[in-house]
Visitor: 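The structure follows.
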Amino acid sequence: KVLEINNPQSIYFEKAVLYLKPNMKNVPEKLMKREAHNLIRSMSPSPSASAFIMKIVLTVILSVSASAGLFYFIVHNFIINDVKQLFKISFIFLSEITGCTQHNS
């Protein structure tokens, strides 16, 4: 006996054709169709699971990249400039206290 299963949910296949084993002549139709659908479902690719994993990976990569960019921006624009300004103020203050001046060569 031949069982044809139409599977419109599949993005790859239009239908599946299954051949019933010769010794399985008295299988109820409902049971046979349920088994056929279970078999086809188990063989179908699961794009939702791989898409979910890909979304997680991309989210992690984008989060790490954004965090690194933000960290660089903060360090470069605030901390480094503040440290440079602090050294400049400290040098001016020490120059005034000691009476030394900056020599430009």
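Please read all numbers here as calculations on a predicted model, not as lab measurements.
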Visitor: Within a strict 4.5 Å, meaning less than it, do heavy atoms of the I5 and H37 side chains meet?
Guide: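 Sidechains of H37 and I5: in contact.
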Visitor: Just verifying a value: how many Å separate R34 CZ and E29 CD, rounded to the nearest 0.5 Å?
Guide: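 So the gap between those two atoms works out to 12.5 Å.
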Visitor: Is there a continuous path of hydrophobic side-chain contacts, each under 4.5 Å between heavy atoms, that joins L20 to L31?
Guide: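 Yes, one cluster joins them.
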Visitor: So, taking the atom named CD1 in I40 and the one named CG in N6, what distance separates them when rounded to the nearest 0.5 Å?
Guide: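 Going from CD1 on I40 over to CG on N6, the span is 9.5 Å.
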Visitor: Out of curiosity, K30 NZ to E35 CD, how far, rounded to the nearest 0.5 Å?
Guide: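 So the NZ of K30 and the CD of E35 are separated by 13.5 Å.
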Visitor: Could you give the distance from CD (Q85) to CD1 (I89), rounded to the nearest 0.5 Å?
Guide: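 Rounded to the nearest 0.5 Å, the CD-CD1 separation comes to 4.5 Å.
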Visitor: Using 0.5 Å steps for rounding, measure from the CG atom of L18 to the NZ atom of K33.
Guide: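 L18 CG to K33 NZ: 12.0 Å, rounded to 0.5 Å.
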Visitor: Distance check, rounded to the nearest 0.5 Å: K1 atom NZ versus M32 atom CE?
Guide: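 The CE atom of M32 is 3.5 Å from NZ of K1, to the nearest 0.5 Å.
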